[in-house]
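These notes are about the structure you will find just below.
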Amino acid sequence: MVDLVLLSHGNFCKGIKEGAEMILGPQKNIHTIDLKEGESPEHFQTRFLNLTGSLEKFVVFTDILGGTPYNVAYKSLLSSENKFELYTGMNLPMIISYVNAQLVSSSPNLIGDAKNGIKFIAAKYEDSPDDEF
(Lines give C-alpha, C1' and ligand atoms only; values in the text may rest on other atoms or scores of the structure.)
Protein backbone atom coordinates (compact mmCIF):
# COMPACT_ATOMS: atom_id res chain seq x y z
CA MET A 1 0.00 0.00 0.00
CA VAL A 2 1.18 3.50 -0.77
CA ASP A 3 1.51 5.37 2.52
CA LEU A 4 -0.84 8.23 3.33
CA VAL A 5 0.42 11.27 5.23
CA LEU A 6 -2.16 13.52 6.91
CA LEU A 7 -1.09 17.07 7.79
CA SER A 8 -3.18 19.54 9.75
CA HIS A 9 -3.43 22.40 12.19
CA GLY A 10 -3.76 20.96 15.70
CA ASN A 11 -5.00 17.44 16.33
CA PHE A 12 -7.38 17.31 13.35
CA CYS A 13 -5.22 14.81 11.45
CA LYS A 14 -4.96 12.51 14.46
CA GLY A 15 -8.71 12.66 15.06
CA ILE A 16 -9.63 11.98 11.45
CA LYS A 17 -7.23 9.01 11.39
CA GLU A 18 -8.90 7.66 14.55
CA GLY A 19 -12.29 8.07 12.87
CA ALA A 20 -11.09 6.19 9.80
CA GLU A 21 -9.75 3.40 12.01
CA MET A 22 -13.12 3.09 13.77
CA ILE A 23 -14.62 2.32 10.35
CA LEU A 24 -11.76 0.49 8.60
CA GLY A 25 -9.72 -0.99 11.44
CA PRO A 26 -6.07 -0.17 12.26
CA GLN A 27 -4.18 1.66 9.49
CA LYS A 28 -0.42 1.30 9.90
CA ASN A 29 0.23 3.04 6.57
CA ILE A 30 -1.51 6.27 7.59
CA HIS A 31 0.81 8.76 9.27
CA THR A 32 -0.05 12.07 10.91
CA ILE A 33 1.86 15.26 11.54
CA ASP A 34 -0.01 17.90 13.51
CA LEU A 35 1.11 21.52 13.47
CA LYS A 36 1.33 22.53 17.10
CA GLU A 37 0.36 25.97 18.33
CA GLY A 38 3.39 28.23 18.14
CA GLU A 39 5.40 25.76 16.05
CA SER A 40 7.48 27.40 13.33
CA PRO A 41 7.00 26.40 9.69
CA GLU A 42 10.67 25.38 9.62
CA HIS A 43 10.24 22.94 12.52
CA PHE A 44 7.07 21.52 10.97
CA GLN A 45 8.95 21.11 7.69
CA THR A 46 11.73 19.22 9.47
CA ARG A 47 9.20 16.81 10.96
CA PHE A 48 7.55 16.39 7.55
CA LEU A 49 10.88 15.67 5.82
CA ASN A 50 11.96 13.26 8.57
CA LEU A 51 8.78 11.23 8.15
CA THR A 52 8.55 11.30 4.37
CA GLY A 53 12.27 10.59 4.00
CA SER A 54 11.59 7.16 5.48
CA LEU A 55 8.71 6.38 3.09
CA GLU A 56 9.21 4.87 -0.34
CA LYS A 57 5.98 6.13 -1.92
CA PHE A 58 3.31 8.30 -0.34
CA VAL A 59 0.35 10.62 -0.87
CA VAL A 60 -0.28 13.72 1.26
CA PHE A 61 -3.63 15.12 2.42
CA THR A 62 -3.76 18.52 4.15
CA ASP A 63 -6.55 20.30 5.96
CA ILE A 64 -6.70 23.66 4.20
CA LEU A 65 -5.25 25.31 1.12
CA GLY A 66 -2.71 28.01 1.99
CA GLY A 67 -2.13 26.94 5.59
CA THR A 68 1.29 26.02 6.95
CA PRO A 69 0.80 22.23 6.57
CA TYR A 70 -0.18 22.69 2.92
CA ASN A 71 2.57 25.22 2.24
CA VAL A 72 5.25 22.92 3.70
CA ALA A 73 4.05 19.98 1.61
CA TYR A 74 3.73 22.09 -1.54
CA LYS A 75 7.22 23.55 -1.08
CA SER A 76 8.58 20.04 -0.65
CA LEU A 77 6.71 18.84 -3.73
CA LEU A 78 8.26 21.58 -5.85
CA SER A 79 11.80 20.92 -4.65
CA SER A 80 11.74 17.19 -4.05
CA GLU A 81 13.12 14.48 -6.27
CA ASN A 82 10.65 12.10 -4.60
CA LYS A 83 7.40 13.30 -6.18
CA PHE A 84 4.10 12.65 -4.42
CA GLU A 85 0.44 13.49 -4.87
CA LEU A 86 -0.85 16.38 -2.77
CA TYR A 87 -4.52 16.97 -1.93
CA THR A 88 -6.04 19.61 0.33
CA GLY A 89 -9.42 19.90 2.04
CA MET A 90 -9.27 16.40 3.50
CA ASN A 91 -12.34 14.80 4.97
CA LEU A 92 -13.24 11.33 6.21
CA PRO A 93 -14.93 10.12 2.98
CA MET A 94 -11.72 11.01 1.12
CA ILE A 95 -9.59 8.91 3.48
CA ILE A 96 -12.00 5.96 3.30
CA SER A 97 -11.98 6.20 -0.50
CA TYR A 98 -8.18 6.21 -0.53
CA VAL A 99 -7.84 3.17 1.75
CA ASN A 100 -10.55 1.18 -0.06
CA ALA A 101 -8.93 1.87 -3.43
CA GLN A 102 -5.56 0.72 -2.09
CA LEU A 103 -7.13 -2.51 -0.83
CA VAL A 104 -8.55 -3.40 -4.24
CA SER A 105 -5.68 -1.92 -6.27
CA SER A 106 -7.80 0.66 -8.05
CA SER A 107 -7.62 4.41 -8.53
CA PRO A 108 -9.67 6.35 -6.00
CA ASN A 109 -11.98 9.20 -6.94
CA LEU A 110 -10.69 11.31 -4.05
CA ILE A 111 -12.09 14.68 -5.05
CA GLY A 112 -15.42 13.25 -6.14
CA ASP A 113 -15.79 11.19 -2.97
CA ALA A 114 -14.76 14.14 -0.81
CA LYS A 115 -17.38 16.34 -2.48
CA ASN A 116 -20.03 13.63 -2.33
CA GLY A 117 -19.47 13.37 1.40
CA ILE A 118 -20.69 16.96 1.87
CA LYS A 119 -24.48 17.24 2.13
CA PHE A 120 -26.87 19.87 3.46
CA ILE A 121 -29.54 18.30 5.63
CA ALA A 122 -32.43 20.51 6.66
CA ALA A 123 -34.70 19.11 9.35
CA LYS A 124 -38.32 20.23 9.21
CA TYR A 125 -39.72 20.46 12.72
CA GLU A 126 -43.16 21.90 12.02
CA ASP A 127 -46.00 19.39 12.20
CA SER A 128 -43.68 16.66 13.52
CA PRO A 129 -44.35 14.78 16.75
CA ASP A 130 -41.75 15.41 19.43
CA ASP A 131 -40.16 11.99 18.95
CA GLU A 132 -39.76 12.17 15.14
CA PHE A 133 -37.27 14.00 12.94
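Model, not experiment: these values are computed from the prediction.
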Non-hydrogen atoms of [X] and [Y] that approach each other most closely:
X      : Y      : value
Ala73  : Val60  : CB-CG1, 4.1 Å
Ala101 : Ser107 : CB-C, 4.1 Å
Met90  : Ile16  : SD-CG2, 4.4 Å
Ser76  : Leu49  : OG-CD2, 3.7 Å
Pro69  : His9   : CD-CE1, 3.4 Å

Counting C-beta onward and ignoring hydrogens, is there a side-chain heavy-atom pair between [X] and [Y] closer than 4.5 Å?
X     : Y     : result
Phe84 : Val59 : no
Asp3  : Lys57 : no
Leu7  : Phe48 : yes

N/O donor-acceptor pair under 3.5 Å between [X] side chain and [Y] backbone:
X      : Y      : value
Ser97  : Pro93  : no
Lys17  : Ile30  : yes
Glu21  : Pro26  : no
Ser79  : Lys75  : yes
Ser106 : Gln102 : no

Out of curiosity, does [Y] fall in the hydrophobic cluster containing [X] (side-chain heavy atoms, cut-off under 4.5 Å, transitive links)?
X     : Y      : result
Leu65 : Leu78  : yes
Met22 : Met94  : no
Ile64 : Ile95  : no
Leu24 : Val104 : no
Phe44 : Leu55  : yes

Would you give the length of the straight line joining atom [atom1] of [X] to atom [atom2] of [Y], rounded to the nearest 0.5 angstrom?
X     : Y     : atom1 : atom2 : value
Thr52 : Arg47 : OG1   : CZ    : 12.5 Å
Leu92 : Glu18 : CG    : CD    : 12.0 Å
Leu35 : Thr62 : CG    : OG1   : 11.5 Å
Lys14 : Leu6  : NZ    : CG    : 12.0 Å

Heavy atoms from other residues, nucleotides or ligands near [atom1] of [X] exceed 12 (cutoff 6.0 Å):
X      : atom1 : answer
Ile111 : CD1   : no
Leu51  : CG    : yes
Tyr74  : OH    : no

> Excluding sequence neighbours, so at least two apart, what forms ring pair (Phe, Tyr, Trp, His ring centres under 6.0 Å) with Tyr87?
Replying inline: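 Phe61.
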>> For a side-chain contact (heavy atoms from CB on, under 4.5 Å) check, start with the C-alpha distance between Tyr98 and Val2, then their side-chain angles and the critical distance, and finish with the verdict.
In response: CA-CA 10 Å; Tyr98 179 83; Val2 176; 3.4 Å; yes
> Do Ser8 and Asp63 get their side chains close enough for a donor-acceptor pair, meaning under 3.5 Å?
Replying inline: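 Side-chain D/A pair, Ser8 to Asp63: absent.
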>> Can you tell whether the side chains of Asp34 and Lys36 come within less than 4.0 Å, N to carboxylate O?
In response: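 A salt bridge is present here (some side-chain N lies under 4.0 Å from a carboxylate O).
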